[in-house]
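Have a look at the structure below, then the notes.
All residue numbers in this chain count up from 1 along the given sequence. Computation of the quantities below employed the complete heavy-atom set of this structure, encompassing side-chain atoms and omitting hydrogens, waters and symmetry-equivalent molecules. Just so we're clear, the structure is a prediction, and the values are computed from it rather than from any experiment.
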Amino acid sequence: MLCQQQLYKLYYPDMIKICYRYAGDTDGAGTIYNNAMLKVFKNIRNYIDEGKLTAWIKTIVINCSIDFCKKKNIFKQSVPYIPEDEVILLPEAFNRLSGKEIQELIAQLPAATATVFNLYVYEGYTHKQIAELLGISDGTSKWHVSDAKKLLKTKLAQTSQTETKTNEAG
(Lines give C-alpha, C1' and ligand atoms only; values in the text may rest on other atoms or scores of the structure.)
Protein backbone atom coordinates (compact mmCIF):
# COMPACT_ATOMS: atom_id res chain seq x y z
CA MET A 1 0.00 0.00 0.00
CA LEU A 2 1.24 3.49 -0.82
CA CYS A 3 2.05 5.82 2.05
CA GLN A 4 0.99 9.48 2.15
CA GLN A 5 4.37 10.78 0.97
CA GLN A 6 4.39 8.44 -2.02
CA LEU A 7 0.87 9.49 -2.99
CA TYR A 8 1.86 13.13 -2.68
CA LYS A 9 4.92 12.75 -4.90
CA LEU A 10 3.12 10.66 -7.50
CA TYR A 11 -0.07 12.66 -7.89
CA TYR A 12 0.54 16.23 -6.71
CA PRO A 13 1.61 17.84 -10.03
CA ASP A 14 -1.30 16.46 -12.06
CA MET A 15 -3.97 16.94 -9.42
CA ILE A 16 -2.94 20.48 -8.43
CA LYS A 17 -3.29 21.49 -12.11
CA ILE A 18 -6.90 20.28 -12.06
CA CYS A 19 -7.52 22.20 -8.82
CA TYR A 20 -6.03 25.36 -10.30
CA ARG A 21 -8.21 25.11 -13.41
CA TYR A 22 -11.32 25.29 -11.25
CA ALA A 23 -10.14 27.68 -8.55
CA GLY A 24 -8.29 30.12 -10.79
CA ASP A 25 -5.78 31.00 -8.06
CA THR A 26 -3.24 29.21 -5.90
CA ASP A 27 -5.09 29.68 -2.60
CA GLY A 28 -8.28 28.13 -3.96
CA ALA A 29 -6.31 25.35 -5.66
CA GLY A 30 -4.60 24.57 -2.36
CA THR A 31 -7.93 24.44 -0.57
CA ILE A 32 -9.41 22.08 -3.15
CA TYR A 33 -6.31 19.88 -3.15
CA ASN A 34 -6.20 19.64 0.65
CA ASN A 35 -9.89 18.72 0.83
CA ALA A 36 -9.45 16.13 -1.91
CA MET A 37 -6.38 14.53 -0.33
CA LEU A 38 -8.15 14.42 3.03
CA LYS A 39 -10.94 12.43 1.35
CA VAL A 40 -8.40 10.19 -0.41
CA PHE A 41 -6.56 9.39 2.83
CA LYS A 42 -9.79 8.84 4.77
CA ASN A 43 -11.14 6.47 2.11
CA ILE A 44 -7.99 4.76 0.81
CA ARG A 45 -8.88 1.59 2.74
CA ASN A 46 -12.12 1.43 0.70
CA TYR A 47 -10.24 1.58 -2.59
CA ILE A 48 -10.47 -1.73 -4.37
CA ASP A 49 -7.60 -2.31 -6.78
CA GLU A 50 -9.92 -2.96 -9.73
CA GLY A 51 -9.10 0.20 -11.64
CA LYS A 52 -6.46 2.82 -11.79
CA LEU A 53 -5.64 4.64 -8.59
CA THR A 54 -5.04 7.80 -10.60
CA ALA A 55 -8.58 7.75 -12.00
CA TRP A 56 -10.02 7.23 -8.51
CA ILE A 57 -8.02 10.15 -7.10
CA LYS A 58 -8.85 12.36 -10.11
CA THR A 59 -12.57 11.72 -9.59
CA ILE A 60 -12.26 12.83 -5.97
CA VAL A 61 -10.29 15.94 -7.00
CA ILE A 62 -12.90 16.89 -9.63
CA ASN A 63 -15.76 16.36 -7.18
CA CYS A 64 -13.98 18.52 -4.58
CA SER A 65 -13.43 21.16 -7.28
CA ILE A 66 -17.14 21.16 -8.08
CA ASP A 67 -17.99 21.43 -4.37
CA PHE A 68 -15.60 24.38 -4.08
CA CYS A 69 -17.29 26.16 -6.99
CA LYS A 70 -20.74 25.50 -5.55
CA LYS A 71 -19.69 26.94 -2.18
CA LYS A 72 -18.56 30.12 -3.92
CA ASN A 73 -22.13 30.45 -5.29
CA ILE A 74 -20.90 31.11 -8.80
CA PHE A 75 -24.09 29.60 -10.23
CA LYS A 76 -26.51 32.04 -8.58
CA GLN A 77 -28.56 32.70 -11.65
CA SER A 78 -29.61 30.58 -14.54
CA VAL A 79 -28.79 31.84 -18.01
CA PRO A 80 -31.11 30.86 -20.83
CA TYR A 81 -29.41 29.27 -23.79
CA ILE A 82 -30.39 30.87 -27.03
CA PRO A 83 -28.90 28.98 -29.95
CA GLU A 84 -27.00 31.21 -32.31
CA ASP A 85 -24.14 30.71 -34.67
CA GLU A 86 -21.80 28.32 -32.92
CA VAL A 87 -18.38 29.81 -32.22
CA ILE A 88 -15.67 27.56 -33.53
CA LEU A 89 -12.18 27.75 -32.12
CA LEU A 90 -9.79 26.24 -34.62
CA PRO A 91 -6.97 24.16 -33.11
CA GLU A 92 -4.43 26.31 -34.96
CA ALA A 93 -5.45 29.25 -32.77
CA PHE A 94 -3.89 27.46 -29.80
CA ASN A 95 -0.69 26.38 -31.56
CA ARG A 96 1.12 29.63 -30.82
CA LEU A 97 0.32 29.49 -27.09
CA SER A 98 1.77 27.29 -24.39
CA GLY A 99 -0.44 25.19 -22.15
CA LYS A 100 0.21 27.62 -19.31
CA GLU A 101 -0.89 30.58 -21.44
CA ILE A 102 -4.07 28.77 -22.43
CA GLN A 103 -4.83 28.00 -18.78
CA GLU A 104 -4.24 31.67 -17.92
CA LEU A 105 -6.77 32.68 -20.58
CA ILE A 106 -9.30 30.21 -19.19
CA ALA A 107 -8.65 31.47 -15.65
CA GLN A 108 -9.63 34.97 -16.84
CA LEU A 109 -13.11 33.75 -17.76
CA PRO A 110 -15.96 34.38 -15.30
CA ALA A 111 -15.83 31.68 -12.60
CA ALA A 112 -19.05 29.89 -13.58
CA THR A 113 -18.14 29.93 -17.26
CA ALA A 114 -14.63 28.62 -16.58
CA THR A 115 -15.99 25.81 -14.40
CA VAL A 116 -18.48 24.61 -17.01
CA PHE A 117 -15.89 24.98 -19.78
CA ASN A 118 -13.37 22.89 -17.81
CA LEU A 119 -15.92 20.16 -17.11
CA TYR A 120 -16.99 20.06 -20.75
CA VAL A 121 -13.61 20.38 -22.48
CA TYR A 122 -11.08 18.89 -20.07
CA GLU A 123 -13.16 16.30 -18.23
CA GLY A 124 -15.45 15.32 -21.12
CA TYR A 125 -18.75 15.66 -19.28
CA THR A 126 -21.93 16.13 -21.31
CA HIS A 127 -24.16 19.17 -20.79
CA LYS A 128 -26.69 16.93 -19.05
CA GLN A 129 -24.04 15.61 -16.64
CA ILE A 130 -22.75 19.12 -15.94
CA ALA A 131 -26.29 20.32 -15.28
CA GLU A 132 -26.85 17.53 -12.77
CA LEU A 133 -23.49 18.08 -11.04
CA LEU A 134 -23.89 21.84 -10.70
CA GLY A 135 -27.64 22.12 -10.26
CA ILE A 136 -28.13 24.16 -13.42
CA SER A 137 -30.08 23.52 -16.62
CA ASP A 138 -28.66 21.90 -19.76
CA GLY A 139 -29.23 25.20 -21.55
CA THR A 140 -27.23 27.11 -18.96
CA SER A 141 -24.36 24.67 -19.40
CA LYS A 142 -24.49 25.13 -23.18
CA TRP A 143 -24.58 28.90 -22.76
CA HIS A 144 -21.48 28.88 -20.55
CA VAL A 145 -19.52 26.79 -23.06
CA SER A 146 -20.64 29.03 -25.92
CA ASP A 147 -19.77 32.15 -23.94
CA ALA A 148 -16.36 30.72 -23.04
CA LYS A 149 -15.64 30.08 -26.71
CA LYS A 150 -16.63 33.65 -27.63
CA LEU A 151 -14.50 35.15 -24.88
CA LEU A 152 -11.53 32.93 -25.70
CA LYS A 153 -11.83 33.76 -29.39
CA THR A 154 -11.72 37.48 -28.53
CA LYS A 155 -8.73 36.99 -26.21
CA LEU A 156 -6.90 34.94 -28.86
CA ALA A 157 -7.54 37.65 -31.45
CA GLN A 158 -6.17 40.27 -29.06
CA THR A 159 -3.11 38.12 -28.40
CA SER A 160 -2.58 37.70 -32.13
CA GLN A 161 -2.85 41.46 -32.74
CA THR A 162 -0.38 42.17 -29.94
CA GLU A 163 2.09 39.66 -31.40
CA THR A 164 1.73 41.15 -34.88
CA LYS A 165 2.37 44.70 -33.60
CA THR A 166 5.36 43.48 -31.58
CA ASN A 167 6.82 41.68 -34.60
CA GLU A 168 6.31 44.73 -36.85
CA ALA A 169 7.95 47.03 -34.31
CA GLY A 170 10.91 44.67 -33.79
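Once rounded to the nearest 0.5 Å, the distance linking CG of Leu152 with CG of Leu109 reads 5.0 Å. Going from atom SG of Cys69 over to atom CD1 of Ile32 covers 6.0 Å, rounded to the nearest 0.5 Å.
Here the side chains of Tyr33 and Met15 are in contact, with some heavy-atom distance below 4.5 Å. Using a 4.5 Å heavy-atom cutoff, the side chains of Ile62 and Leu119 are in contact. Proximity of His144 to Thr115: side-chain heavy atoms (C-beta onward) are nowhere separated by under 4.5 Å. Within the 4.5 Å cutoff, no side-chain heavy atoms of Asp14 are placed close to those of Thr54. Looking at Trp143 and Thr113, their side chains come closer than 4.5 Å, going by heavy atoms from C-beta outward.
Under the side chain to side chain contact (heavy atoms under 4.5 Å, CB included) criterion, Asn43 pairs with Lys39, Asn46, Trp56, not counting sequence neighbours. The side chain to side chain contact (heavy atoms under 4.5 Å, CB included) check on Lys128 picks up Thr126, Glu132, Asp138, with sequence neighbours excluded.
Taking hydrophobic clusters as Ile, Leu, Val, Met, Phe, Trp and Tyr residues chained together by side-chain heavy-atom distances below 4.5 Å, Tyr20 does not share a cluster with Val61. Note on Phe68: it does not cluster hydrophobically with Leu38, by side-chain heavy-atom contacts below 4.5 Å among ILVMFWY residues. Under the 4.5 Å side-chain heavy-atom criterion for ILVMFWY residues, a single connected hydrophobic cluster contains both Ile18 and Phe41.
Salt bridge status for Arg21 with Glu123: present, with a side-chain N to carboxylate O gap under 4.0 Å.
Here the side chain of Ser146 pairs no donor or acceptor atom with the backbone of Lys142 at under 3.5 angstrom. For Thr31 (side chain) and Asp27 (main-chain N/O), a donor-acceptor pair under 3.5 Å exists by modelled atom type. Remark: the backbone N or O of Ile106 is not paired with any side-chain donor or acceptor of Lys155 at under 3.5 angstrom.
Applying the ring pair (Phe, Tyr, Trp, His ring centres under 6.0 Å) rule to pairs touching residues 119-138 yields Tyr120-His127, sequence neighbours excluded.
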